[in-house]
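What follows is a single structure, written as structure tokens, with notes after it.
Naming: A, B, ... by sequence-line order, numbering from 1 per chain. Everything quoted here is computed from the prediction, not taken from an experiment.
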There are 2 protein chains.
Amino acid sequence: MSDKSAKPHPIEPRKAPRQARSNATVDAILEAAAHILREEGLVPFTTNAVAQRAGASIGSLYQYFPGKDAILTELIRRKRQTMLDAIRLAARETRSRPFAEAVDRLIAAGIAHQLDDPQVSRALEYAESTLPLHTETHELKMAIVAEVSATFAARGFSEPEIAAHDVVALTRGMIDTAGLYGETDASSLTDRVRRAVTGYLKTAPKVSRT
Amino acid sequence: MSDKSAKPHPIEPRKAPRQARSNATVDAILEAAAHILREEGLVPFTTNAVAQRAGASIGSLYQYFPGKDAILTELIRRKRQTMLDAIRLAARETRSRPFAEAVDRLIAAGIAHQLDDPQVSRALEYAESTLPLHTETHELKMAIVAEVSATFAARGFSEPEIAAHDVVALTRGMIDTAGLYGETDASSLTDRVRRAVTGYLKTAPKVSRT
DNA sequence: TTAAAATGTGACGGATTGCTCATATTTTGA
DNA sequence: TCAAAATATGAGCAATCCGTCACATTTTAA
């Protein structure tokens, strides 16, 4: 009856490390966090466990993070930034290359993001849905769609945003499934994803040349 | 140092209810479990919370389930059975219908499964990855692929398993993303998924008619 | 009717988790 | 050099959570 449901755990970091030593501590904490997510998952992911694994004291941990959710948030933000950078790089480096190559590079960026550390990715993915990060999530998706969309628009597709949205979604689906099955052959996966994307794009409307 | 990582929580139900009363209790527990997953997620999902919400005592709960994981497992199994039934029905009812209609029906079954109760679906999806259910997961995927594959084979595709695998994966990706965005317009989603599937299938090899 | 089986109850003990705080150590900057 | 700022420590408390167990109630079936 009471609002037990709302658990507004703080998300933002407490204070930024100012010295090299504390910087190392924060890094160690984040690495330990990723390690636990990778090896044991979200359930045994506790502040005490993270601190211990990081070789730091709980006190130190709480100096920089107000709780486990803040650690997860930081992990998510870093991973996202990495992927977005890769996608932007791929898009920009293939501006004047053949379309097929541009598509390949974008797919490769997405695959790298998910296939690298799939356990951690999956855990963070679910964690994200329980965190108040929806605004950021939306912004990220928008940024990704914007990049892909620009690439499509430059090649004459008339509804680049929709195409980008759907291409990203179906690519994600295939990549996730592959990760689930423990597929490690990126080239085979790339090949099949390319076929799906290409097939889909053939049905997408193009700007009519009058 | 010790193997704290392995937490082999029991998964199988303890005993089956024999009377109508206990049957109702088990149902209430499962409904309460779904409710908590839907409203609060995996973190506040505790045995005590489930029992309280179900209007049963913890003692009763532990009479039928050895722990929270067993409840999640049962939830997953029931949901899966429902979806598989729907897919089989769709496949069988469209055996002698136009191919486009068969594809639509299969897509609709998948969409219904995910768009109905997306919060619960997401929670169960992550939970599944932490449970020793991989064998069952694989069997389910095989069963689904088998149905879709049979449909494809009957229409002359020469690599129906691969096509089915990829179509299921990309469909899942689009549906999941839609669920994430809170899309509720099933018709729009169906339309876009159909375009993706159709586009992909156009690149799939067909049996050559000699 | 009645004994056995099935079912339901919830207080509670042991274990875990989140997190603080008083205190110790290191680094900085003047 | 040395006081202030930054950083690190970990015992320990409050708040859960899990899960059992002794006992009460209901249902079954002979």
Examine C:dT7: is either OP1 or OP2 under 4.0 Å from a nitrogen or oxygen in the side chain of B:T25? Give yes or no. no

For B:S22 and C:dT7, is the shortest distance between a side-chain N/O and OP1 or OP2 below 4.0 Å? yes

Closest to side chain of B:R18, choosing from D:dT7, C:dT9, C:dA6: C:dA6

Proximal nucleotide (of C:dT7, C:dT9, D:dT7) relative to the B:S57 side chain: C:dT9

Separation of [X] atom [atom1] from [N] atom [atom2], in whole Å?
{"X": "A:I29", "N": "D:dT7", "atom1": "CD1", "atom2": "C1'", "answer": "12 Å"}
{"X": "A:Y64", "N": "C:dC19", "atom1": "OH", "atom2": "C1'", "answer": "17 Å"}
{"X": "B:Q52", "N": "C:dG8", "atom1": "CD", "atom2": "P", "answer": "18 Å"}
{"X": "B:Q63", "N": "C:dT9", "atom1": "CD", "atom2": "P", "answer": "10 Å"}
{"X": "A:I71", "N": "C:dC19", "atom1": "CD1", "atom2": "C1'", "answer": "12 Å"}
{"X": "A:D27", "N": "D:dA8", "atom1": "CG", "atom2": "P", "answer": "12 Å"}

Applying side-chain hydrogen bond (donor to acceptor under 3.5 Å, both in side chains), name anything that partners B:T82, two or more places apart in sequence or on another chain. none

Considering residues at least two apart in sequence or located in another chain, which fulfil the side-chain hydrogen bond (donor to acceptor under 3.5 Å, both in side chains) criterion with B:D27? none

B:S22 and B:T25: side chain donor to acceptor below 3.5 Å: no

Residue pairs, two or more places apart or on separate chains, that pass salt bridge (Lys or Arg N to Asp or Glu O under 4.0 Å) and touch residues 49-58 of chain B: none

Where at least one partner belongs to residues 113-126 of chain A, residue pairs that pass salt bridge (Lys or Arg N to Asp or Glu O under 4.0 Å), sequence neighbours excluded: A:R38-A:D117, A:E125-A:R172

Under the side-chain contact (heavy atoms from CB on, under 4.5 Å) rule, what do B:E147 and B:R92 come out as? Steps first, then yes or no, please. CA-CA 9 Å; B:E147 288 298 331; B:R92 266 150 214 192; 3.4 Å; yes

Could you tell me whether B:F65 contacts a base, only the sugar-phosphate backbone, or nothing, with contacts defined as non-hydrogen atoms closer than 4.0 Å? nothing

Taking distance alone, no hydrogens or angles, what donor-acceptor pairs closer than 3.5 Å link side-chain atoms of residues 71-78 of chain A to residues at least two apart or in another chain?
residue: A:T73; atom: OG1; partner: A:D69; partner atom: O; Å: 2.8
residue: A:E74; atom: OE2; partner: A:R78; partner atom: NE; Å: 3.0
residue: A:R77; atom: NE; partner: A:E136; partner atom: OE1; Å: 3.0
residue: A:R77; atom: NE; partner: A:E136; partner atom: OE2; Å: 3.2
residue: A:R77; atom: NH1; partner: A:E12; partner atom: OE1; Å: 3.2
residue: A:R77; atom: NH2; partner: A:E12; partner atom: OE2; Å: 3.0
residue: A:R77; atom: NH2; partner: A:E136; partner atom: OE2; Å: 2.5

The contact string for nucleotides 18-30 of chain D, one letter per nucleotide 5' to 3', using protein heavy atoms under 4.0 Å with B, S and - for base, sugar-phosphate only and none, comes out as BBB-----SSS--

